[in-house]
Amino acid sequence: MSILKEKFAKKVPEIRDRYKNMVKEHGAVKLAEVSVATLYGGLRGVKGMVCDTSSVPPDRGLLIRGRPIGELTDKLPEEIFYLLLTGELPNKEELAALQKDFAARAKVPEYVWNVLRAMPKTSHPMAMFNTAILVLENESKFRARYDAGMKKDDYWDAAFEDAMDINAKLPEIGAFVYRLRFDKGAPIASDPNLDWGANFARMTGLPDPNGEFTKLMRLYFTLHCDHEGGNVSAFSAHTIGSALSDQYYALSGGLNGLAGPLHGLANQECLGWILETNKKFGGSPSEEQLEKFAQETLDAGRVVPGYGHAVLRITDPRFTAFYDFGAKYCPDDPAYKTMARVFKVVPEVLKKVQKIKDPWPNVDAASGSLLYHYGMVEFPYYTVLFSISRAMGITAQHIVSRAMGSPIVRPKSMTGEELDKAIAAAAAK
Ligand code: CMX
């Protein structure tokens, strides 16, 4: 058994007992109220699940197992995966063992490439990426063992194996999609001696003379790893996994949610918005021009991508990490400069709109300009990068859920008529 699996296996009884005892002893404690507005408001604020891998206090931003993401920016994504699962960062030996394990599982079967090659040239990179994960379902150890009569106590073990297999393959799948979809030439073989970020950067084939793009990829994968359990992609994956659909089904389903413009796709939209301003004003716009353009965007009924959040009420620390990276490595880049100017102007514009609860930038506001600087100019691709990283959090949450023995998710819906009756009954009291 690998070091990571052994470490997690030791935690399983505690996870399981805590869940059982919690429900037995404190099951009646009330945590949230559901009003009519909640039903129509995307269930905002309803505490509806347990997620220990990470949390997002509105005034602090992402904490991975209690540690602020801003203090983890020098960590490799592989270290973050270890932290998500165990609550501890790996030491040198544990990290090396994990990387070796990933390398041993990295080979992607040829049939996956054949399916991707058969897809239309106009397919969105996210559709290609998520299709590859679904096609790989053929490899699921969870499904094979379930079909063979696996005991409930072993679900987490099979889910762990699937998670390792999937995460090991995603950098290569992502790079393959990039090169195929954007006519970059033949795929570049994976190098098992490199860490994830470095291997991915190399497999894209983008020039990286001073290693800065590699550094950016490591940072990118680290920053996007998880964002608690209630966001669209994590919650969708959680719901799918609760039906005991395996990790391949659950992850690709969750990532289909990440492909939405109000969620992960915002990073492609965000750079598009910045480049649109450059086009409109014939170069890097002034603060006044940006203010006007942001107002026009709002007046046209569009959102300013990269700004606002369903939970956060501060500048996203992940934005700050990217912002600082750009300030260090490419402060004079035109797209970076415009992005920095947008940061000065847009929150002030959004603050004037009463209904907007969070006028501050989220993770998607800064990353695009950095990718653009390093030659990754195909912005429909950006959400795939987000997905490679977010798979760590989604699959880790899935393992923990199976260890907990979480039941199938099944909230109750109401018809409009039932709602009318409930409202009338409340008024009659
Ligand atoms: N530009 C314009 N309007 C915005 C806005 C923005 N950046 N952020 C919020 N609003 C609007 C909402 O559209 C909503 O309008 P309606 O009531 O007319 O529908 C109103 O303000 C209230 O929204 P909210 O309560 O502040 O925010 P929500 O929780 O409803 O939505 C989010 C959050 C992220 C979808 C929203 O801020 C948004 O659309 N932002 C732009 C897209 C984006 O950057 N998404 C990426 C988020 C990060 C991620 O999950 O990946």
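Note that these values count all heavy atoms, side chains included, but never hydrogens, waters or copies made by symmetry. Both counts, for ligands and for their atoms, begin at 1 and track the order of listing.
With hydrogens and angles ignored, the 3.5 Å screen pairs a side-chain donor or acceptor of Arg179 with a backbone N or O of Lys184.
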One line per pair, note the atom names and distance for all nitrogen or oxygen contacts under 3.5 Å between ligand 1 and the protein.
from: ligand 1; atom 1: 1 (N); to: Val304; atom 2: N; distance (Å): 2.9
from: ligand 1; atom 1: 7 (N); to: Val304; atom 2: O; distance (Å): 2.9
from: ligand 1; atom 1: 7 (N); to: Tyr307; atom 2: O; distance (Å): 2.7
from: ligand 1; atom 1: 15 (O); to: Lys355; atom 2: NZ; distance (Å): 3.4
from: ligand 1; atom 1: 18 (O); to: Lys355; atom 2: NZ; distance (Å): 2.8
from: ligand 1; atom 1: 25 (O); to: Lys357; atom 2: NZ; distance (Å): 2.7
from: ligand 1; atom 1: 26 (O); to: Lys357; atom 2: N; distance (Å): 2.9
from: ligand 1; atom 1: 29 (O); to: Arg44; atom 2: NE; distance (Å): 3.2
from: ligand 1; atom 1: 29 (O); to: Arg44; atom 2: NH2; distance (Å): 3.1
from: ligand 1; atom 1: 30 (O); to: Arg44; atom 2: NH2; distance (Å): 3.2
from: ligand 1; atom 1: 40 (N); to: Tyr307; atom 2: O; distance (Å): 2.9
from: ligand 1; atom 1: 44 (O); to: Gly306; atom 2: N; distance (Å): 2.8
from: ligand 1; atom 1: 44 (O); to: Asn362; atom 2: ND2; distance (Å): 2.9
from: ligand 1; atom 1: 45 (N); to: Leu262; atom 2: O; distance (Å): 3.0
from: ligand 1; atom 1: 50 (O); to: His263; atom 2: ND1; distance (Å): 2.9
from: ligand 1; atom 1: 51 (O); to: His263; atom 2: O; distance (Å): 3.2
from: ligand 1; atom 1: 51 (O); to: His263; atom 2: ND1; distance (Å): 3.3

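Side chains of Lys107 and Glu172 form no contact here, defined as non-hydrogen atoms less than 4.5 Å apart. Here the side chains of Tyr146 and Asp246 are not in contact, with every heavy-atom distance at 4.5 Å or above.
Take Arg181 and apply the side chain to side chain donor-acceptor pair (under 3.5 Å) test, not counting sequence neighbours, and it matches no residue.
The ring pair (Phe, Tyr, Trp, His ring centres under 6.0 Å) analysis of residues 68-87, with sequence neighbours excluded, yields the pairs Phe81-Phe102.
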Please list, one pair per line, the donor and acceptor atoms closer than 3.5 Å that link side chains of residues 350-357 to other protein atoms, with sequence neighbours excluded.
from: Lys351; atom 1: NZ; to: Glu348; atom 2: OE2; distance (Å): 3.0

